[in-house]
Amino acid sequence: MNLASSPKSAKPAMAAFPRSLTSIAASMGGLAVFLVIASLLLVSYPIGSTVRGYFYAIDGSRKVDLPIFEGNQSSIDQRHDNNTDVVDKVSSSGSDLELPISFGGVNNNSVNVVDSQSGSNLQESTNGTRKEDQTISKGGSVTLSVKENGVHKGSEESSSDAASADSKSGIKSDISAVPSSNASRTGSDDSGCDLYQGSWFYDSLGPLYTNNTCPVLTQMQNCQGNGRPDREYENWRWKPSQCNLPRFDAKKFLELMRGKTIAFIGDSVARNQMESMLCLLWQAEAPKNRGNKKMQRYFFRSTSTMVVRIWSSWLVHQTSQPTDFAPESVVKLHLDAPDEHFMEFIPNFDVIVLSSGHWFAKQSVYVLNNEVVGGQLWWPDKSRPMKINNIEAFGISVETILTSIATHPNYTGLTILRSYSPDHYEGGAWNTGGSCTGKEKPLAPGELVENGFTEIMHKKQIAGFDRAIKKVTNKSKLRLMDITESFGYRHDGHPGPYRSPDPNKLTKRSPDGRPPPQDCLHWCMPGPVDTWNELVLETIRREFEANQSSSV
């Protein structure tokens, strides 16, 4: 108490007061200098895209539970485990094919699709619609020339590419008029070059990655790691007839996609393509895994680019709830409603690559306007004819999802529909003796036999696309990546029997001629599937550079 009342104790406190004002003034001056410098830095280097890359589409209450993969492992998330895709689940012996590949795996000149229970029949002849006049050019290229309804369609080679300088013609689809500049069936730029008309040529440079330099390669597509003895299939590249398709440039892709997101949405073939993209990009930069249970997400820090994959078997709304006379035990597909599991995210995407089709061979019920109108491998009432079969259902689903995206009020991105990926089960379907065993090179001219099921699925897909492009209302763009016919020649690019690391797996036909269990649907990595991402890069380049030119 004496100290508190002492005049000596009060004197130092009063003397310290002016020094506090000086200190405060100095601190405020320092803070002002810091704010000026920080403002200049923010103006010169915006961080908005980086923050967006970190935080969009992540549920703050959800644990991010996908690790960075250190080995060649599947990166399928938990939601996928119960939705194993076609030929996506194998036993240690490599003999367990759980789901059907296609309804018409036999290569023939007509398709005769019959529902196994209802007897409903869809038959469409392909005879006389296309004849192929093909030659092998110098330099090892396989050149394709198509005649449609007797009219030869091909073009002279104008490229200086030495590897395919003698190629004279290529595949060309019948292109109809497009009603909107935001939608296109062609792969052409202003020069008129169609990316999907061309030939395959042998490139001695080989692939940009190996099975040992990509940590996210699914084991079933790791053909070299699973013991495939040949590897020439890795070296064949696609050459458009009138222009060059550059080798994939990871740095260019990341720069074009700076601050943007590309999403691969669909089935296991979509996963195949997404992993190919990651493998190609990984050679330039290792991404950060930011995935969660709703989507796989890989973030490339240098350019704030995100690569996303979302599983969607059919791309339309599916439910197990009983509907009309369809019980809970069978999946119901609402063909007139998109899959809500990814539609909520599309405003965050700048590029979407869609993949679907093969799951329409799986058991399911088709619903339109809440009415059961058909089914695949299911139809209990034989006295009541189905209105829609699996092929028609596929076409409707394509129109539904594309229309939903093209009319979404908050989506302004680029949507790429990759056309139906052909399988190569020769002599039967996946479970009836079909095989691609021993295929080491692309099909040569004269060897291609049309797969009727692939042809009609492709036709229905294109019809769905054409209907959707007439309904575009937003500022987004639709583009068709039409790889179906050109990849019909790549029967060598599938894993075949090399879909399992099991050293005791069967890889050759038995003495009675039966083929070993095999995958003739998905694609080896590295392999032909990498071409799809070369096409994606070129499509993005054309679109983005065109946008820059128009804005100048």
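- For the ring pair (Phe, Tyr, Trp, His ring centres under 6.0 Å) criterion with Trp200, the lone passing option out of Tyr233, Trp236, Phe487 is Phe487.
- Between Ser397 and Phe394, some side-chain heavy-atom pair lies under the 4.5 Å cut-off.
- Under 3.5 Å, the side chains of Asn212 and Thr210 contain no donor-acceptor pair of N or O atoms.
- In this structure, the side chains of Pro528 and Trp523 come closer than 4.5 Å at one or more pairs of heavy atoms.
- Using a 4.0 Å cut-off between charged nitrogen and carboxylate oxygen, Glu255 and Lys251 do not count as a salt-bridge pair.
- Using a distance-only test at 3.5 Å, with no hydrogens or angles considered, a donor-acceptor pair links the side chain of Asn235 to the main chain of Asp203.
- With Glu275 contributing its side chain and Thr218 its backbone, the two residues share a donor-acceptor pair below 3.5 Å.
- A heavy-atom distance below 4.5 Å is found between the side chains of Ile540 and Phe253.
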Open item on the list: If you apply the rule side-chain contact (heavy atoms from CB on, under 4.5 Å), what do you find for Asp482 with His458, and how did you get there?
Closed with: CA-CA 9 Å; Asp482 197 353; His458 178 252; 2.8 Å; yes
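- Judged by distance alone, the side chain of Glu538 and the main-chain N or O of Leu245 form no donor-acceptor pair under 3.5 Å.
- In this structure, Leu506 and Pro497 approach most closely via the heavy-atom pair O-CB, 3.6 Å.
- Note on Arg247 versus Asp249: no salt bridge recorded, every NZ/NE/NH1/NH2 to OD/OE distance being 4.0 Å or above.
- In terms of heavy-atom proximity, Ala361 sits nearest to Gln376 at O-NE2, 3.4 Å.
- When every heavy atom of Gly357 is checked against every heavy atom of Asp267, the shortest pair comes out as N-OD2, 4.1 Å.
- Between the CZ atom in Phe465 and the CD1 atom in Ile401 there is a gap of 13.5 Å [rounded to 0.5 Å].
- Counting only residues at least two apart or in different chains, salt bridge (charged side-chain N to carboxylate O under 4.0 Å, His left out) contacts with residues 204-213 are absent.
- With a 4.5 Å cut-off on side-chain heavy atoms, Cys193 and Arg542 count as touching.
- The distance from atom CG of Leu448 to atom OH of Tyr489, rounded to the nearest 0.5 Å, is 4.5 Å.
- Separation of atoms CD (Gln296) and CE (Met274) is listed at 4.5 Å; rounding is to 0.5 Å.
- To the nearest 0.5 Å, the span separating CG on Asp423 from CZ on Phe453 amounts to 8.5 Å.
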- [ ] Apply the test side-chain contact (heavy atoms from CB on, under 4.5 Å) to residues Ser268 and Met220: give CA-CA distance (whole Å), side-chain angles for both, the deciding distance (0.1 Å), then the verdict.
- [x] CA-CA 11 Å; Ser268 65; Met220 283 186 65; over 6 Å; no
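- The backbone N or O of Tyr420 sits less than 3.5 Å from a side-chain atom of Gln461, completing a donor-acceptor pair.
- Expressed to the nearest 0.5 Å, how far CG of Asn533 lies from CG of Leu278 amounts to 9.0 Å.
- At a threshold of 4.5 Å between non-hydrogen side-chain atoms, the residues Phe264 and Val308 do not count as touching.
- Counting heavy atoms from C-beta on, the side chains of Arg490 and Pro442 come closer than 4.5 Å.
- Side chain of Glu285 to backbone of Ser302: a donor-acceptor contact under 3.5 angstrom is found.
- In terms of heavy-atom proximity, Lys239 sits nearest to Asn244 at CE-OD1, 3.2 Å.
- The backbone N or O of Ile483 sits less than 3.5 Å from a side-chain atom of Ser419, completing a donor-acceptor pair.
- Checking side-chain atoms of Gln283 against main-chain N and O of Cys279 turns up a donor-acceptor pair under 3.5 Å.
- Lys439 places no side-chain N or O within donor-acceptor distance of the main-chain N or O of His491, the cut-off being under 3.5 Å.
- Residues Met457 and Ile391 meet the side-chain proximity criterion, which asks for heavy atoms closer than 4.5 Å.
- No donor-acceptor distance shorter than 3.5 angstrom exists from the side chain of Thr454 to the backbone of Pro422, with no hydrogens or angles considered.
- No side-chain donor-acceptor contact under 3.5 Å links Arg258 to the backbone of Thr303.
- Cation-pi geometry between Lys460 and Phe360 is not met: the NZ or CZ atom fails to fall both under 6.0 Å from the ring centre and inside 45° of the normal.
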TODO: Might you work through the side-chain contact (heavy atoms from CB on, under 4.5 Å) test for Val351 and Phe544, ending with a clear yes or no?
DONE: CA-CA 11 Å; Val351 180; Phe544 288 8; 4.0 Å; yes
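- Heavy atoms only, all atoms of each residue included: Leu256 and Leu537 are closest at CD1-CD1, 3.7 Å.
- Annotation for Gly488 and His424: closest pair O-NE2, 2.7 Å, computed over non-hydrogen atoms.
- Side-chain contact check for Phe299 versus Ser304: some heavy-atom pair is nearer than 4.5 Å.
- A side-chain N or O of Asn226 and one of Gln219 form a donor-acceptor pair less than 3.5 Å apart.
- To the nearest 0.5 angstrom, Cys436 atom SG is 7.5 Å from Asp519 atom CG.
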TODO: With side-chain contact (heavy atoms from CB on, under 4.5 Å) as the test, would you mind laying out the steps for Val307 and Ile262 before giving the verdict?
DONE: CA-CA 5 Å; Val307 177; Ile262 181 171; 3.9 Å; yes
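- With sequence neighbours left out, Asp230 forms a salt bridge (Lys or Arg N to Asp or Glu O under 4.0 Å) with Arg228.
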